Structure formats: structure tokens, C-alpha cells
Number of protein chains: 2
Amino acid sequence: MPRTVDHGQRRAHICNALVRTAARDGLHAATMRSVAAEAGVSLRLVQYYFETKAGLLHAALLHLEERSHRRWNERLAALPSPASPRARVHAFVAEAIPDDDDSRVFHLLWTSFAVLAMTDPALAEQPFVSGPERLERQLTDLLTEAHADGALPTDQDPALEATRLLAVTHGLGTDVLTGRLTPQRALVVAGYHVDRVFGARSTTDT
Amino acid sequence: MPRTVDHGQRRAHICNALVRTAARDGLHAATMRSVAAEAGVSLRLVQYYFETKAGLLHAALLHLEERSHRRWNERLAALPSPASPRARVHAFVAEAIPDDDDSRVFHLLWTSFAVLAMTDPALAEQPFVSGPERLERQLTDLLTEAHADGALPTDQDPALEATRLLAVTHGLGTDVLTGRLTPQRALVVAGYHVDRVFGARSTTDT
DNA sequence: ACCTTCATGATACGTCTGTATCATGAAGGT
DNA sequence: ACCTTCATGATACAGACGTATCATGAAGGT
């Protein structure tokens, strides 16, 4: 066999180029050629590794989801070892608010894809349901655990609270990205929300 | 002077065509030609009434915002005459959830524009700040009023609550449009949220 | 040494887009 | 009656886009 390069690595490199381009100029500006230029490769190579543009977008979406998943787990791991459910929930909302460049890019891209998926059912139906749903399940488990610990008032419904948490953080993220809210303000609101879900304040924040 | 048609009416007609097209196939599919076809006019006319495509988008955005504003006021007026603050807040969230075709279109378009505005600061900066901000002010006033009435627990901050309401409804709307939530489920979560903001249940829903 | 297969470059094609240009009805002021 | 101005149609143009085609290095199996 002739020389063989690491396709996975190459694909990741191009996906990152897509992400950078789209973060700068919007997903609509992420063309085959602009992505190739950003990645420093020829147009042909983008075609080679992802047959079609749909394939490229699909791969980029998966790439994005995996990246966010890793980020969220790293953030959890960085917490002081026996972290309370409340602290972990707070870590979640803090991670979800676009305050640094990376999370800003993630939120922008994810929302861009979500908007596309609203009218194009063929576009990667999977990540838009399974991705957030896994998060939602994690949160539900977390809140159920908090129930058992007595950290969460018993009249709060874990499943509803998880959905609500996802909704409020996503909404705040969009407000930040459209410039309606500063990241700081969004964090305040998110913290306020966590305070309302759990009872009175008692924990440190991260 | 020669024959003169009602420009405003004509522009509204074309804007509606844009909205229909974009609602069906996504905002990226709303080209000058497709909008002209949908409106049943020639390409030239779209150019004539809106010099450029940016002009068309700008006008459509304003058109959209005005339409939503009217809808929201009609919904308020339809409430039994001395509506409690809680009922009015509930009416707001019910209106914001995309459960019928019209609100679905509105949410989709608004989010599409919002995504564009995230990377294109020139795109109608106004409506994305002033529009929601007016809503937020209305909600804040409503909640402050509820404070005075004793309908809202005194430890709830009206401004924070208003921001949170906007965020949660917008987040839920996106979840509905991506198919992650049914409108019914989103309404349940929204009602749950209103229940948590105000104290125990006591009012009818609309 | 050669041949097969992988990897990459250069370039061409057809389509769609936004915008510009030229032309021409239609109607009121004078 | 005529001329000016509004309104609209037909069409052309240059560029960008996704995709396809052809060609050619590069390297390991035999």
C-alpha cells in the first residue's frame, strides 16, 4: 500500500478550519473553498475527505458535539473532588454561557446548525436530539441525586428542572451573542436561576 | 404625476413573501428571485422597492417585529378585562411558544436573523436590542406591579425575572423548532416556570 | 523493477446569486 | 397634445458556489 495519512486527524483539521471560518464570518460563509483556504489545503482535499458539502457539515457538527462534551466533562473534573450537586449544576450553567472565545464559538455554531435543522430535516437529525437529550438526562440524574441528598426541595421536578435549565442557559447564550446581555450579566441571571432551583444560597461558586 | 401605487402595501406584500419563503425553506433560501416568485412579481420589482438585498432583509426584520408586537398586544387585549399580572405573564409565555403556524414562523425567522446578526454587526442592530428590550421592560413593569399587588413574592427581582422569562421562553421555542420538545411539553415547562416565579397556583390559564 | 492503490493538484462546467442596464407602458400636470 | 415622472418588464453580467474530471506524484507489495 502507498503512503497513508491519518484520515481522522486530517478530517479534524479541516473541521476545525470550518469552525474557525464559521465563527468569524457566519456559517453561511463557510464554503468549500473558504474552508480549504482556512485549513491551508486545496479545494480538492476538502472534497476528498468529505465527499460533499453536506458531508462536511455533518462531520463538523459531530466534531463540535464531541468537543463540547469533552469540555463539559473537563469542567466537571476540575471541580473540588466531592462536588455538591448544586456546584455541578452551577458548573454546567457557567460552562454554557458564552464567556470565553471557545464557548462563544460553540454556541454560535450550534445555534447556526440548529436554525438550519429547523427547515432541513435531513441535516443531522441525530445530534440535535441525542446531544442535548444526553445532557438533559445527566442534569435530571444530578437533580434526582440532589433530591435524595435533601439539597433540592422536594417539590421541584427533576425532569422539568433539567429542561428548564437547558432552555434558560440556551436563551441566555443567544442574548449574549446578539449583544443584548453581557456575559457577566448572563452569569448573574444564571446564578439567580440556580439559586431559585435550589433553596437559599449556601455553596461556593466556580 | 403618473399613477402611484401604495408603496407601503407593496413592500408589506413582498416582505410577507420573504417570510413565507424563509419559513418553508430557511432564510438562506430566500433569494431575490425566490421572493419575487413567491410574491408573484418580477425580480425587478423586488429590486425597485428594496434597492438591495440587505434592504430587503432589513425591512423584513422590521416587518416581523411589528407583526409580533401586534400579535402580543392582541393576545393581551383578548384577556378578561382585569387580568392579573400572573395571567398576563402566562399569556406572554404562551404566545412565545411556537404552537401555531404563525408563531412557529416568527420564532424561526427571528432566530435565523439573530444568528446572522451574531457575525454581521451591520445587520439591523436595532431590532435585536430594542425589540426584546421593550418586551423585557414591559415584563419588568408587569412584575413590579405584581410586587405591589402582593401577587409576587417580594424576594423575586423583577428585572432578573424578566430576563429569565425571556431566556426560558426563547430557549423552549428553539427546542420546539428543532423537534426536541413538543409544543405541549414546552407549554408545561413554561407554565411550571411561571408557577415557580409566582407562588402557588391560583389563576386560570389561557 | 513494476504495478496497484492512495493522495493530491489543476482546472473546467453548469447553475445560481446579486446587481446593473435598457426599454417601455401608464398617467397626471401644463 | 405633450412631456415628465412613476412603475415595471426583459435581459445581461460578473462572480461565487458545489461538483466533476483529468492528471500525476508517492509508496508499499510482489
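No experiment lies behind these values; they were computed from the predicted model shown. Throughout, a chain's letter reflects where its sequence line sits, starting with A, and its residues are numbered from 1. Because only heavy atoms are used, hydrogens play no part in the values below, and waters and symmetry mates are left out as well, while side chains stay in.
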A.B. asks: Could you tell me which residues satisfy ring pair (Phe, Tyr, Trp, His ring centres under 6.0 Å) with A/Phe92, sequence neighbours excluded, listed by chain and number?
C.D. replies: A/Trp72

A.B. asks: Please check the phosphate of D/dC6 (OP1 and OP2 only) for any side-chain N or O of B/His7 closer than 4.0 Å.
C.D. replies: no

A.B. asks: State which residues pass salt bridge (charged side-chain N to carboxylate O under 4.0 Å, His left out) with B/Arg10; sequence neighbours excluded, sorted by chain then number.
C.D. replies: none

A.B. asks: Whole-Å distance between D/dA7 C1' and B/Arg11 CZ?
C.D. replies: 15 Å

A.B. asks: Could you check how far CG of B/Leu56 sits from C1' of C/dT19, rounded to whole Å?
C.D. replies: 14 Å

A.B. asks: Should A/Asn16 and A/His63 be marked as a side chain to side chain donor-acceptor pair (under 3.5 Å) after you check the CA-CA gap, both sets of side-chain angles, and the distance that decides it?
C.D. replies: CA-CA 8 Å; A/Asn16 279 325; A/His63 179 74; 2.9 Å; yes

A.B. asks: Taking the side chain as every heavy atom from C-beta outward, state whether B/Leu27 and B/Leu57 have any pair of such atoms under 4.5 Å apart.
C.D. replies: yes

A.B. asks: Quantify the bending of the helix from C/dA1-D/dT30 to C/dT30-D/dA1 as the angle between its end axes, each fitted on five pairs, to 10°.
C.D. replies: 10°

A.B. asks: Heavy atoms under 4.0 Å, any strand shown: does B/Val41 hit a base, just sugar-phosphate, or nothing?
C.D. replies: nothing

A.B. asks: Reckon A/Tyr49 has a side-chain N or O less than 4.0 Å from the OP1 or OP2 of C/dT8?
C.D. replies: yes

A.B. asks: For B/Asp155, give me all partners under salt bridge (charged side-chain N to carboxylate O under 4.0 Å, His left out), at least two apart in sequence or on another chain.
C.D. replies: A/Arg196

A.B. asks: Please work out which residues in residues 15-28 of chain B have a non-hydrogen atom less than 4.0 Å from an atom of DNA chain C and list them by number.
C.D. replies: none

A.B. asks: For A/Glu145, give me all partners under side-chain hydrogen bond (donor to acceptor under 3.5 Å, both in side chains), at least two apart in sequence or on another chain.
C.D. replies: A/Arg88

A.B. asks: In whole angstrom, give the distance that lies between atom CZ of A/Arg10 and atom C1' of C/dT8.
C.D. replies: 9 Å

A.B. asks: Produce a footprint string for nucleotides 13-24 of chain D: one letter per nucleotide, 5' end first; B if the base is under 4.0 Å from any protein heavy atom, S if only the sugar-phosphate is, - if neither.
C.D. replies: ----BBBBB---

A.B. asks: Name all residues meeting the ring pair (Phe, Tyr, Trp, His ring centres under 6.0 Å) criterion together with B/His193; count only those two or more places apart in sequence or in a different chain, and write none if there are none.
C.D. replies: none

A.B. asks: Please name all residues satisfying salt bridge (charged side-chain N to carboxylate O under 4.0 Å, His left out) with A/Glu136, sequence neighbours left out, ordered by chain then number.
C.D. replies: B/Arg180

A.B. asks: Does A/Pro85 reach the side chain of A/Leu143, with side-chain heavy atoms less than 4.5 Å apart?
C.D. replies: no

A.B. asks: Table please: side-chain donor-acceptor pairs of residues 17-25 of chain B below 3.5 Å, with sequence neighbours left out.
C.D. replies:
from, atom 1, to, atom 2, distance (Å)
B/Arg20, NE, B/Glu38, OE2, 2.7
B/Thr21, OG1, B/Ala17, O, 2.9
B/Arg24, NH2, B/Glu38, OE1, 2.5

A.B. asks: Is there a donor in the side chain of A/Asp100 and an acceptor in the side chain of A/Ser103, or the other way round, less than 3.5 Å apart?
C.D. replies: yes

A.B. asks: Is there a side-chain contact between B/Ser42 and the phosphate of D/dT8, meaning an N or O under 4.0 Å from OP1 or OP2?
C.D. replies: no

A.B. asks: Which label fits A/Phe113 and A/Phe128: parallel for a plane angle under 30°, tilted from 30 to 60°, or perpendicular past 60°?
C.D. replies: tilted

A.B. asks: Got a sec, which residues hit salt bridge (charged side-chain N to carboxylate O under 4.0 Å, His left out) with A/Glu51, two or more places apart in sequence or on another chain?
C.D. replies: none

A.B. asks: Any side-chain N or O of B/Tyr48 under 4.0 Å from OP1/OP2 of D/dA7?
C.D. replies: yes

A.B. asks: Mind listing the residues from residues 108-116 of chain B sitting with a heavy atom below 4.0 Å of DNA chain D? Number order is fine.
C.D. replies: none

